[in-house]
Amino acid sequence: MAGPANEVDGLGRCQGGKGLEFLQPTSLTEALELKAAHPGAVPLAGGTDLMVDLNFDRLRPEAMLDLTRIDELKQWWPHDDLIRLGAGVSYTRLVSEIGEYLPGLAIASRTIGSPQIRNRATVGGNLGTSSPAGDALPPLLAAGAEIEVASAGSSRRMPFRDFMIGPKKNALAPEELIVAVHIPKARGPQQFSKIGTRNAMVISVASFALAIDAGTRAISCAIGSAGPVILEAPEADEFIESSLEESGAWDARSRIDNSVLQRFGELVAQGARPITDVRGTKAYRQHALAVIAARTLTWAWDDYMASA
Amino acid sequence: MRAPTIQKRTEQRGGVGESVQRPDGVPKTKGEFAYSSDLWAENMLWGATTRSPHPRARIVSIDTREALATPRVRTVLTHEDVPGRKSYGMEVPDQPVLAWDDVRYQGEAVALVAADHPEAARRAAGRVKIEYEVLEPLVDPETALADGAPALHPSGNVIRHIRIRHGDQEASAEVVVKGDYQVGMQDQAFLGPESGLAIPDGEGGIDLYVSTQWLHIDLDQLAASLDLPPSKVRITLAGVGGAFGAREDLSIQIHCCLLALETGRPVKMMYGREESFFGHVHRHPARLHYEHGAMRDGRLVYVKARIVLDGGAYASSSTAVCANAACFSCGPYNVPNATIDAYAVYTDNPPCGAMRGFGAVQTCFAYESQMDRLAKALDIDPVELRRLNAMDTGATMITGQEVEGPAPVAELLKRVRNAPLPPDGDAMDIRTLPGGVSNTTHGEGVKRGVGYALGFKNIGYSEGFDDFSTARVRLSVVAGEPQVEVHSAASEVGQGVVTVQMQIARTELGVQQVVVLPADTSIGSSGSSSASRQTWMTGGAVKNACEAVRARLLQRAAQRLGKRHGKLTLDGANIVSAGSGSVASISDIVGDDPIEETKEYHHRKTFPLDPRTGQGNAHVAFAFAAHRAVVDVDLDLGLVRVVEMATAQDVGKALNPQAVEGQIEGGIAQGLGLALMEEIQISQGRILNPSFTDYLIPTILDMPPVRADVLELGDPHAPYGLKGVGEPPTISSTPAIVAALRDATGRPLTRVPVRPDDIVGLDGQSG
Ligand SMILES: Cc1cc2nc3c(=O)[nH]c(=O)nc-3n(C[C@H](O)[C@H](O)[C@H](O)COP(=O)(O)OP(=O)(O)OC[C@H]3O[C@@H](n4cnc5c(N)ncnc54)[C@H](O)[C@@H]3O)c2cc1C
């Protein structure tokens with residue numbers, strides 16, 4: 001007797017007769033070929049987002065592409081003024097091995113999840129998920145990072161702002177994988193701060209990253225969890241750059257006036273587009289952003305002043 | 001006769017008063033503990049539940065055909081397949097086993113599926129087609145209470161109203177403070193979601209292995225709904241993670257048995273964490289209006305309170321929670337005049353019932369907030385105001401009951417007051433600052449606050465309930481050594497009742513080797529592992545049974561040895577007489593004829609509350625605790641770091657000091673959760689955060705060191721003088737933390753959990 005058409009596979013998932021395929025490439029080339037052949041295959045890095053989605057039954061992939069055996073994705077190296085960070089480097093390694101080059105991203109990495117999560121989770125996975133609450137993302141935007149993606153036979157690089165295009169939406173084509181992130185080595189102090197109602201292991205209610213380029217005398221900010229994507233705050237950037245220029249603070253390495261800090265905070269808050277949800281209110285997010293923007297700027301500027 | 005084998009008098013180990021390690025501690029920590037969700041049987045099926053997506057709707061039709069046609073599905077059941085009583089409930093059987101006409105909360109069970117594989121079962125559960133006529137849910141308890149509100153149950157919307165009229169109802173005071181307070185819905189968030197395995201015996205009966213708090217109340221409800229004589233239903237406790245009240249009501253029990261009896265195969269059911277949020281009751285959210293009247297010198301004259309508890313869709317234990325809220329509504333203070341109305345109300349919100357602290361938590365937050373408000377109005381130190389009004393032995397409760405036994409309220413307060421204060425936070429280590437690793441402050445905006453609170457609650461069941469436990473103790477000789485076997489139906493829910501039973505048997509019978517058998521229904525009831533009662537009650541039963549075994553042992557020894565030794569007693573594992581010293585060992589006397597006794601322990605009789613006045617000796621005993629919280633608050637961001645909790649608690653006698661410490665720390669963690677983060681958020685009857693992604697519980701970086709001062713004052717009516725320990729740590733820790741936040745911020749903070757918005761002042765609250 002023939003079995004029912006809609007069989008349940010070994011994992012118990014009904015897939016119109018097909019089981020879930022688990023693909024385990026050992027090189028990037030092989031992975032890209034598999035991705036071309038199975039554009040629906042869902043890449044698996046640390047699994048700290050993906051396995052949650054599977055458990056909640058939000059996702060029933062026909063195939064999974066396990067990237068954890070691909071050494072190329074787990075490498076990082078400096079080139080020119082940049083760090084090329086493989087998509088599969090864990091936060092734990094990022095903090096211990098590259099923290100000095102990428103201080104903003106390292107601070108953010110320390111705030112992510114718990115030690116267990118940081119041992120598994122990757123920046124590539126944070127980019128793959130493209131959540132507005134992804135904590136690695138504001139430092140990438142503030143530092144001017146570029147995302148390297150590839151498909152079988154081709155690769156391209158794009159600035160972060162072109163990569164993330166909506167909440168949990170990015171510019172990755174079905175046959176592409178995230179390969180690496182190119183992040184300029186810090187050219188000045190960087191900071192990151194995130195708000196959560198618990199003192200560890202908490203999803204951002206709002207977050208803020210800031211990078212100072214002491215060479216070009218530029219300051220750039222990025223706002224997380226307060227809009228559909230990670231947001232820039234160009235008004236705030238321009239305001240603080242010109243205030244510092246006008247007051248001669250870059251050369252004098254002098255303190256920033258409280259009124260300037262406050263105005264900077266206000267402009268950051270104005271640049272946010274938060275909503276009220278189960279994690280926090282719109283008003284609080286805006287309020288908190290103003291506070292952490294002013295504080296992180298103070299901390300970063302203290303470092304700048306001390307770096308004479 | 002053989003020569004007596006006198007044992008060397010070795011020091012008894014692992015008896016009462018020692019910190020004996022729990023057998024489940026290390027396995028749970030290492031992930032090796034066998035939870036009820038790890039159960040497995042040859043040939044078993046998996047059950048899944050179809051639940052209502054609507055908080056309130058009328059069921060128009062249920063079509064199970066598509067679900068039944070799903071591959072590997074063995075059966076699909078609805079209310080029509082419930083052979084016996086179609087509803088259940090511990091106090092009021094008002095909750096459908098499977099809904100038939102109406103659904104009254106989001107997540108109510110409507111149909112069941114059994115399949116060869118869990119995924120197939122879940123899929124098929126999603127294919128049960130239920131047509132609903134969706135109705136507007138009634139979600140506001142005040143609206144539900146109001147005249148003319150549509151009745152959600154035939155009995156109306158009031159599950160219970162407790163009215164206390166104590167003393168002079170016209171009493172007037174020199175200083176009056178009023179306040180309105182709110183408590184959000186807390187979840188027990190226990191380890192190990194609901195799960196179990198039902199195995200049909202092939203003769204119409206069933207064996208159920210399940211994680212639960214009270215085997216015999218499950219048995220009664222199962223037998224009624226399965227339409228089986230109780231002898232055909234056997235329940236064995238399976239590995240429990242935690243309970244905290246959430247396993248008092250049934251979850252999978254009837255469902256799993258129905259599926260197993262229908263299919264004739266073992267059936268396993270297991271909720272995931274998300275389903276668990278819909279699968280058990282929660283702590284009652286409360287709105288409390290209080291008025292305190294006092295003389296200028298601080299002495300309380302009267303308390304008036306109106307307490308509304310949202311019971312949600314079904315009664316669960318709301319009637320008892322309501323009584324507790326009312327009885328303990330004024331705190332451990334001398335209150336000569338009281339006017340209290342407490343209501344538990346039906347709504348279309350998730351059903352609420354038992355949770356650690358059981359009604360005393362909600363009111364403690366309100367009355368302790370009022371005490372601080374009163375202190376401010378009187379310009380008296382809040383600790384001094386509490387001391388001035390503190391209850392002591394012989395005090396009269398607002399129910400007219402005299403407080404017997406130790407009631408060291410002022411002493412507990414003094415101890416936490418005098419405990420040294422913790423040093424300032426370390427600005428170099430952000431983990432010690434509010435916001436923790438999230439890097440929100442390096443000291444900016446941080447202010448310290450200190451707050452105090454007192455709390456109390458009943459131990460054991462109240463209002464005339466004949467509360468008892470049963471234990472069987474068997475003394476035998478195994479491989480030449482004496483061994484004690486202890487059997488009871490007491491649920492080990494992580495509190496350590498297995499260890500305590502061992503300790504008592506060792507102390508009472510002098511035998512090192514003690515085996516505690518699995519808890520099941522082949523023995524009489526032990527009552528529930530709740531109300532801080534199980535060590536007292538089952539401990540009492542084990543002690544009684546041990547004493548009976550000992551009496552028989554000595555009797556037998558006297559018969560064997562004749563009269564020549566005079567009066568015999570047990571010393572360690574030896575039988576001794578005053579004149580001759582050791583005359584025989586236990587093994588000599590027991591030989592191959594084991595001694596076995598089954599005994600019950602009943603606590604002293606209690607009485608109902610008068611329905612008009614709420615007066616009556618309703619409670620058997622009370623437990624008291626004091627807390628001091630030290631917090632650091634980021635005033636600009638509204639983030640909090642609790643720096644230290646100091647507590648003093650009278651436990652009567654610490655049978656297992658390490659377990660007492662565990663209860664105190666765990667209870668404080670749960671109280672901290674309610675103060676700062678734990679809330680099931682509900683909108684229009686729907687749960688917005690049914691997972692640990694957004695239902696936050698404290699982590700190790702949120703939980704401060706605890707400085708615990710444990711008093712052992714001995715209750716004359718309790719075995720070993722012990723008092724229950726489990727609940728007091730949860731009751732007054734919450735208001736102590738909020739008092740500390742008020743101290744730091746100057747804001748009223750009338751609602752828990754306190755949100756960052758409240759601290760920052762974004763919610764319209766002003767300081
Ligand atoms: C308990 C817990 C706490 C957490 N705390 C935080 C937190 O504080 N902050 C935070 O930002 N996040 C947090 N997360 C979410 C998660 O850890 C992060 O987003 C993490 O960076 C994901 O990385 P991963 O390697 O585990 O990704 P995975 O789960 O393996 O993948 C995530 C997504 O990216 C895709 N993907 C992965 N690699 C690639 C690739 N090379 N190319 C294309 N697509 C790819 C996957 O298909 C998937 O869609 C937490 C998660 C958990 C379970």
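Just so it is clear: chains get the letters A, B, ... in the order the sequence lines come, proteins before strands, and each one is counted from 1.
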(request) Using a heavy-atom cutoff of under 4.5 Å, enumerate the residues of residues 270-282 of chain A that contact chain B, numbered in order, or state 'none'. (result) A/Val278, A/Arg279, A/Thr281
(message) Using side-chain hydrogen bond (donor to acceptor under 3.5 Å, both in side chains), reason through A/Ser90 and A/Asn119 one step at a time and then give a plain yes or no.
(response) CA-CA 6 Å; A/Ser90 72; A/Asn119 285 340; 5.9 Å; no
(message) Quick check on the structure: residues of residues 44-52 of chain A within a heavy-atom distance below 4.5 Å of chain B, by number.
(response) none
(message) Need one label for B/Ser683: side chain, backbone, both or neither, based on atoms under 4.5 Å from any heavy atom in chain A.
(response) neither
(request) Can you run down the salt bridge (charged side-chain N to carboxylate O under 4.0 Å, His left out) pairs that involve residues 96-113 of chain A, sequence neighbours left out, and say none if there aren't any? (result) A/Arg93-A/Glu97
(message) For B/Tyr35, give me all partners under side-chain hydrogen bond (donor to acceptor under 3.5 Å, both in side chains), at least two apart in sequence or on another chain.
(response) none
(message) Cation-pi check for B/Tyr271 against B/Arg51: NZ or CZ below 6.0 Å from the six-membered ring centre and within 45 degrees of the axis, yes or no?
(response) yes
(request) Considering only heavy atoms and a distance below 4.5 Å, find which of B/Leu637, B/Val437, B/Asp116 pairs most often with chain A. (result) B/Leu637
(request) Specify which of B/Gln681, B/Arg273, B/Glu679, B/Arg755 makes the most heavy-atom pairs with chain A at under 4.5 Å. (result) B/Gln681
(request) Flag the one option from A/Met201, A/Arg295, A/Gln191 with the top tally of heavy-atom pairs under 4.5 Å to chain B. (result) A/Arg295
(message) Which atoms of A/Phe56 are under 4.5 Å from chain B, going by heavy atoms: the side chain, the backbone, both sets, or neither?
(response) side chain
(request) Select, from B/Arg431, B/His442, B/Arg122, the one with the greatest count of heavy-atom pairs under 4.5 Å involving chain A. (result) B/His442
(request) In plain terms, say whether B/Asp758 and B/Arg751 are close enough for a salt bridge, that is, a side-chain N and a carboxylate O under 4.0 Å apart. (result) no
(message) Report which part of B/Pro434 has an atom under 4.5 Å of a heavy atom belonging to chain A: side chain, backbone, both, or neither.
(response) backbone
(message) What part of B/Asp636 gets within 4.5 angstrom of chain A, counting heavy atoms only: side chain, backbone, both, or neither?
(response) both
